[in-house]
Amino acid sequence: MSMFCHQCQEAAKGTGCTIKGVCGKDETVSNLQDVLLFSLKGLAFVAQEARKQGIVDPQVATALVEGLFATITNANFDKAVFITRIRNAISLREELKKQLALKGIKFQGTSKTPLHPSITFTADTEEAILSVWTEASFLAIEDPDIRALRSLVIFGLKGMAAYMEHAINLGHTNADVIAFIERALAATIDDSLDGAKLTALVLETGKYGVDAMALLDTANTTAYGNPEPTTVQLGVRNNPGILISGHDLKDLEELLEQTKGTGVDVYTHGEMLPAHYYPAFKKYSHFVGNYGNAWWKQTEEFEAFNGPVLLTTNCLVPPKESYKHRVFTTGEAGFPGCVHIADRKEGCKKDFSALIALAKTCQPPKALESGTLVGGFAHAAVEKVAPAVVDAVKHGAIKRFFVMAGCDGRQKSREYYSEFAEALPEDTVILTAGCAKYRYNKLNLGDIGGIPRILDAGQCNDSYSLALTALKLKEAFGAADVNELPISFNIAWYEQKAVIVLLALLYLGFKNIHLGPTLPAFLSPHVAKVLVDNFGIAGIGTVKEDVKLFMGA
């Protein structure tokens with residue numbers, strides 16, 4: 001075994017990737033990601049002690065948030081980035097130790113209670129850093145239940161960090177969430193925490209996940225307005241174009257500003273589709289539509305686009321050599337050989353001139369499809385039509401809502417979600433967010449009294465909208481419990497933002513959530529049983545069986 005990664009739904013053989021990641025990362029990058037997490041845990045532990053003494057370094061928050069985000073599946077494949085981040089984490093940790101020493105506090109373990117190695121290790125060269133991997137790997141945690149619970153916390157923190165970075169980019173932060181990320185990471189190296197305490201920490205992670213998602217919702221809507229029902233074009237024009245993928249709306253805003261009047265069109269891909277729903281982006285006449293589908297189809301779709309592609313966050317598939325020179329990365333995304341657009345300096349914007357210059361030399365995108373799709377049903381939009389929705393339920397026009405949010409993936413088993421959507425009775429409505437929607441958002445499922453049968457709230461980052469919608473319906477129906485509502489959850493997952501969404505839903509009290517196409521590889525049998533027994537978590541079966549189950553519930 002030269003690596004071990006079990007964080008995504010496509011973990012090899014349902015247990016973990018041990019030779020090369022299904023995502024495309026090699027053993028060196030995988031192991032460096034593990035060591036980066038290891039170094040962040042040690043930094044968080046020392047930062048906790050410093051916080052008790054009134055020492056709070058903002059660089060620590062940046063290192064934790066950006067470091068966690070960089071290790072999300074399909075974000076960064078550049079080993080140089082991880083080596084730099086590891087060195088930085090060690091440097092910050094040691095500087096905090098110096099400041100604590102001035103207050104008479106020294107980190108000295110004993111033979112009975114040695115310090116965790118993440119607090120003491122030092123390494124500078126790639127070889128020295130990689131030599132730490134055996135201690136840094138999840139496999140170093142021998143108890144399968146403790147490993148599973150710590151994994152739930154850590155992967156939840158990765159998703160939380162993604163939400164926080166997007167909000168921070170828009171000038172919003174939450175000191176309590178940052179402090180929790182620090183405390184929770186430190187807790188994952190505390191061997192005194194038993195299963196019960198770690199389970200409580202898992203649910204607390206869900207609580208702060210809700211706070212992080214609420215912060216991002218405020219950041220997005222403050223900057224760009226509340227999403228509104230919008231018709232999005234799927235065809236292409238005859239101008240050269242730039243394709244933007246990922247999740248970061250600030251990057252899109254700056255790209256649109258810099259492409260005004262250049263003759264270059266801008267298209268969204270994957271999780272950037274919901275940008276079309278925000279009022280602020282509708283003023284750009286060269287922001288013309290969505291191109292393609294979910295992240296896993298990008299190798300063929302980026303090839304056909306002809307122009308440059310900007311990856312703003314995760315969801316990057318290792319590019320083919322034929323178009324690699326047209327792929328630009330920014331933020332936490334990165335790939336060796338692709339041009340990386342540097343972070344914006346305070347008070348400045350990112351410089352996208354290289355993409356614009358390249359676009360002008362490229363052919364217009366090749367048409368993949370034509371037509372339109374409709375989205376923009378975030379919580380504010382749904383709230384406006386809530387009386388009609390409630391009336392439709394009371395009169396039997398709508399029998400049940402299905403939350404089908406989450407991620408898409410390349411496995412054939414995910415065809416289940418398209419078939420499930422098509423098999424649902426005509427008196428049901430799908431609430432969705434995330435790239436899972438690409439399995440059914442182009443199906444013609446019609447409407448119910450003018451209410452579309454597919455209500456797309458936005459990105460996976462906007463899953464908070466679905467929870468708010470459910471809570472608003474609870475209020476409208478006067479229900480004592482959200483689980484009394486005619487709402488079923490059939491969620492597809494792939495990476496760690498889906499983990500924090502799940503934990504957030506559990507914290508909010510939602511039960512009987514079905515998760516697929518497989519349950520997480522990082523769950524031990526016992527921890528999985530706890531989730532089943534206490535929260536009703538379940539997998540998926542056949543389409544026919546599941547529709548019958550849900551409609552009979």
Side-chain angles (χ1 to χ4, degrees), residues 1-7 16-21 23 25-49 59-60 62-73 75-98 106-111 113-143 146-147 150-151 153-155 157-158 161 181-182 184-191 193 332 334 336 496 522:
M1 186 180 297
S2 57
M3 62 172 278
F4 180 75
C5 183
H6 63 334
Q7 70 178 3
C17 297
T18 58
I19 300 173
K20 184 177 182 178
C23 66
K25 67 184 175 185
D26 60 27
E27 64 181 84
T28 299
V29 168
S30 179
N31 294 346
L32 287 172
Q33 288 184 357
D34 286 346
V35 177
L36 174 56
L37 282 173
F38 191 66
S39 66
L40 294 177
K41 293 174 188 178
L43 172 60
F45 184 91
V46 176
Q48 280 285 284
E49 296 304 309
Q59 294 181 84
V60 171
T62 300
L64 296 180
V65 169
E66 293 183 352
L68 285 166
F69 194 2
T71 63
I72 276 185
T73 302
N76 204 305
F77 298 79
D78 191 343
K79 70 177 184 178
V81 169
F82 296 106
I83 291 171
T84 298
R85 290 192 183 280
I86 291 165
R87 289 170 177 163
N88 181 56
I90 293 172
S91 176
L92 287 171
R93 186 196 70 198
E94 294 306 301
E95 179 57 33
L96 286 177
K97 286 183 182 179
K98 290 178 184 177
K106 295 184 180 180
F107 286 82
Q108 294 177 332
T110 67
S111 57
T113 56
L115 291 175
H116 191 272
S118 66
I119 303 167
T120 58
F121 91 99
T122 57
D124 186 63
T125 65
E126 178 181 337
E127 182 180 10
I129 289 171
L130 286 171
S131 71
V132 182
W133 176 70
T134 302
E135 293 177 295
S137 169
F138 278 94
L139 293 176
I141 307 168
E142 295 182 2
D143 186 309
I146 298 299
R147 184 193 308 148
R150 288 183 182 179
S151 295
V153 172
I154 290 168
F155 299 153
L157 292 177
K158 288 187 179 192
I181 290 174
E182 186 182 286
L185 260 186
T188 63
I189 59 171
D190 184 350
D191 291 332
L193 296 185
E332 302 313 327
Q496 298 77 64
F522 52 80

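Between Ala70 and Gln33, the shortest heavy-atom contact is O-NE2, 4.2 Å. Annotation for Phe77 and Val29: closest pair O-CG2, 3.4 Å, computed over non-hydrogen atoms. The two residues Leu157 and Ala184 come nearest to each other via the heavy atoms CD1-CB, 3.8 Å. Heavy-atom minimum distance, Thr122 versus Arg93: CG2-NH2, 3.8 Å. Closest of all the heavy-atom pairs between Glu182 and Val60 is OE1-CG1, 4.1 Å. Across all non-hydrogen atoms, the minimal contact from Asp34 to Ser137 is OD2-CA, 4.2 Å.
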- Please lay out, stage by stage, how Val132 and Ile86 fare under the test side chain to side chain contact (heavy atoms under 4.5 Å, CB included). CA-CA 11 Å; Val132 182; Ile86 291 165; over 6 Å; no
- Evaluate side chain to side chain contact (heavy atoms under 4.5 Å, CB included) for Lys25 paired with Cys5, printing each intermediate quantity in order. CA-CA 10 Å; Lys25 67 184 175 185; Cys5 183; 3.3 Å; yes
- Task: Please step through side chain to side chain contact (heavy atoms under 4.5 Å, CB included) for the pair Leu68 and Gln496, ending with a clear verdict.
- Result: CA-CA 10 Å; Leu68 285 166; Gln496 298 77 64; over 6 Å; no
- In sequence, state the C-alpha distance, the side-chain angles, and the governing distance for Leu130 and Thr125, and then conclude on side chain to side chain contact (heavy atoms under 4.5 Å, CB included). CA-CA 9 Å; Leu130 286 171; Thr125 65; over 6 Å; no
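At least one side-chain heavy atom of Phe121 sits less than 4.5 Å from a side-chain heavy atom of Phe38. Contact of the Leu92 side chain with the Leu96 side chain is not registered, since no non-hydrogen atoms from C-beta on lie closer than 4.5 Å. Within the 4.5 Å cutoff, no side-chain heavy atoms of Lys79 are placed close to those of Asn31. Side-chain atoms of Glu126 and Phe82, non-hydrogen and from C-beta on, never get closer than 4.5 Å to each other. By the 4.5 Å heavy-atom criterion applied to side chains, Leu32 and Ile83 are counted as neighbours.
The closest donor-acceptor contact from the side chain of Ser151 to the backbone of Arg147 lies under 3.5 Å. Panel note: side chain Ser30, backbone Glu27; no donor-acceptor pair is recorded below 3.5 Å. Checked by atom type and distance alone, the side chain of Ser39 pairs as donor or acceptor with a backbone atom of Leu36 at under 3.5 Å. In terms of modelled atom types and a separation under 3.5 Å, the side chain of Lys41 and the main chain of Ala136 share no donor-acceptor contact.
The only member of Gln7, Arg85, Lys158, Glu332 that meets side chain to side chain donor-acceptor pair (under 3.5 Å) when paired with Thr71 is Lys158. None of Phe4, Phe155, Trp133 except one satisfies the ring-ring contact (aromatic ring centres under 6.0 Å, His included) rule with Phe138; the exception is Phe155.
Considering CG of Asp191 and CD1 of Ile146, their distance stands at 8.5 Å, rounded to 0.5 Å. Separating the CD atom in Glu66 from the CG atom in Leu40 is a distance of 11.0 Å, to the nearest 0.5 Å. Rounding to the nearest 0.5 Å gives a distance of 9.5 Å between CD1 of Ile19 and CE of Met3. Taking CG of Leu64 as the reference point, atom CD1 of Ile181 lies at 7.5 Å (rounded to 0.5 Å). Rounded to the nearest 0.5 Å, atoms CG (Asp124) and CD1 (Ile90) are 8.0 Å apart.
A ring-centre distance under 6.0 Å is not found for Phe45 and His116.
Around atom CD of Glu94, more than 12 heavy atoms belonging to other residues, nucleotides or ligands sit under 6.0 Å away. Residue Lys20 places its NZ atom among 12 or fewer non-hydrogen atoms of other residues, nucleotides or ligands, all under 6.0 Å distant.
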